[in-house]
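Below: one structure, written as structure tokens.
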Amino acid sequence: MVYDSIANALIPSPASNPKDLAKKKRVNRTAKLKQSKLDVRREQWLSQVKNKGSKEENRGADRPKTPARDMHGSNEGESRPMVKLVINPGGGEENDGMMNHYSDWESPSNSPTSHTSSLASNRSVTNFTGGSSSGSSSSSSGSGSCGCYSGSMTEEDDGDDGCLDDWEAIADALAADEIKSETDHNINPESQVNDHVPQLEPVETVKDEGMNCHVQVNRRAWRPDDAFRPQGLPNLLKQNSFPMNSERNHGSGAWGFKTAGFSPIPMTCPICCEDLDLTDSSFLPCPCGYRLCLFCYKRILEDNGRCPGCRKQYEQCEQGIVTSKMARSYSMIPSR
Amino acid sequence: MATINNHTNNRQAAAATSSKHSLPHPKPADTQSVLKRLQSELMDLMMSGESGISAFPVDDNIFSWRGTISGSKDTVFEGTEYKLSLSFPNDYPFKPPKVKFETGCFHPNVDVFGNICLDILQDKWSSAYDVRSVLISIQSLLGEPNTSSPLNTQAAALWSNQEEYRKMVEKLYKPIE
């Protein structure tokens with residue numbers, strides 16, 4: 001019985017592994033493709049970060065390319081120098097190829113930030129800070145898009161090393177970005193900082209959690225999340241949806257384990273075929289593992305006190321009761 | 001064996017009479033649980049589709065079954081089929097069922113009345129056994145008799161000569177009607 005429970009407990013993991021492996025093969029290709037594209041984009045970011053100045057706006061503008069197109073349209077029209085417009089299409093095309101699939105998903109999540117940032121840029125006196133803030137905010141939305149990206153990727157597959165590399169790449173780029181944007185925030189008016197920081201921070205933490213989850217927890221962790229996403233998207237509540245989903249996964253995992261643990265215990269008493277209640281199923285009268293209900297156990301104690309499974313006498317501590325009862329029953333036999 | 005049988009019968013009768021005076025065990029509840037157990041066994045037996053053995057209650061009486069076993073392959077009983085009767089006591093499965101050959105069986109451990117000398121049907125009975133395990137045990141007993149304590153001494157003596165034994169089995173075998 002113990003062996004059964006172990007075997008059952010082990011079943012889920014081998015069962016999930018072949019599936020993962022099978023998917024991995026198919027996925028690795030797309031993951032590598034995406035990663036290479038991401039690398040290109042990252043290099044672009046980094047080089048732009050180095051260049052600073054007006055280019056920085058491009059970096060910000062480049063990031064959420066497709067999702068925040070409307071915003072960039074407005075920003076570019078207002079405040080961007082021509083250089084950016086020239087550079088944008090180049091990066092834009094590259095990003096388009098990559099982001100097209102996800103643009104539908106990202107646009108709702110990103111548009112709120114981009115709108116606020118565009119508003120902020122409109123509000124702010126200096127276009128440059130506005131632009132930089134939009135850059136920072138769009139970097140946050142960029143990280144948001146990263147979440148989308150990985151999310152959609154894990155939807156197709158079960159996440160793998162390639163995806164992790166992507167995360168690292170994005171994390172690197174974002175770290176570089178953050179330094180930049182933090183310096184920008186120092187310049188920014190307080191209101192804008194308030195606008196952006198709360199959005200930026202949660203997304204970042206979510207991303208980190210996501211990475212950790214990805215490394216430590218099972219790989220299917222995000223699949224239900226993807227199914228959940230459409231509801232969560234409009235509010236941009238990823239920081240809520242992620243922990244909820246991870247909890248849900250832990251819960252389901254625990255549930256699966258529980259059921260696996262319960263299954264080896266027979267549902268009915270093998271002697272009287274009545275259902276075993278909770279007390280009965282936790283009752284293990286013999287080291288051989290043979291279970292039975294308390295009624296039948298009592299009945300056997302009154303009779304010969306031997307375990308039906310192994311024919312050995314039940315435990316010594318109960319021997320006293322057994323013998324006394326047996327003596328009584330023996331004494332009754334002659335009277336019959 | 002016959003004396004033992006008589007003894008047990010007497011005891012049964014005594015128990016039946018004593019139960020009128022005082023009820024040591026709540027008999028109705030017991031009968032109910034026996035019923036459930038036997039129904040469950042019947043279901044398992046029919047679902048298992050065990051080859052070579054079968055059993056079914058006689059005349060809607062769940063306490064009295066008619067079973068059949070067929071002689072195992074590569075034994076002197078190959079190709080023969082035997083009918084058995086199983087009657088279950090009210091305290092089944094704490095007590096073993098009474099099993100008898102209804103078809104004559106020339107076997108060291110089966111007497112001319114069809115009584116079977118099998119330890120698990122007597123002192124080695126466990127409530128974990130059921131009809132299925134009993135019938136399988138009897139089936140295997142056919143091919144592997146215990147010739148040291150025979151009920152049928154002639155069969156026990158002849159067992160060493162398998163060819164002659166086979167002839168005897170065929171001669172005495174009366175197929176199920």
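All values below were derived from every heavy atom in this structure, side-chain atoms included, with hydrogens, water molecules and symmetry-related copies excluded. Below, read A as the first sequence line, B as the second, and so on, with proteins coming before strands; counting in each chain starts at 1.
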Side-chain contact, heavy-atom cut-off 4.5 Å: I271(A) with F94(B)? yes
Which distance, rounded to the nearest 0.5 Å, do you find between the CZ of R37(B) and the OG1 of T268(A)? 10.0 Å
Quick one: pull up CG in L292(A) and OG in S127(B) and give me the separation to the nearest 0.5 Å. 7.5 Å
Nearest 0.5 Å, what's the OG-CZ distance between S126(B) and R306(A)? 10.5 Å
Using non-hydrogen atoms and a 4.5 Å limit, figure out which bit of C269(A) sits close to chain B: side chain, backbone, both or neither. neither
Verify, without hydrogens or angle tests, whether R311(A) (side chain) and K124(B) (backbone) share a donor-acceptor contact under 3.5 angstrom. yes
Distance, nearest 0.5 Å, that separates SG of C273(A) from CG of D130(B): 9.0 Å
Counting neighbours of CZ on F63(B) that are heavy atoms of other residues, nucleotides or ligands and sit closer than 6.0 Å, is the number greater than 12? yes
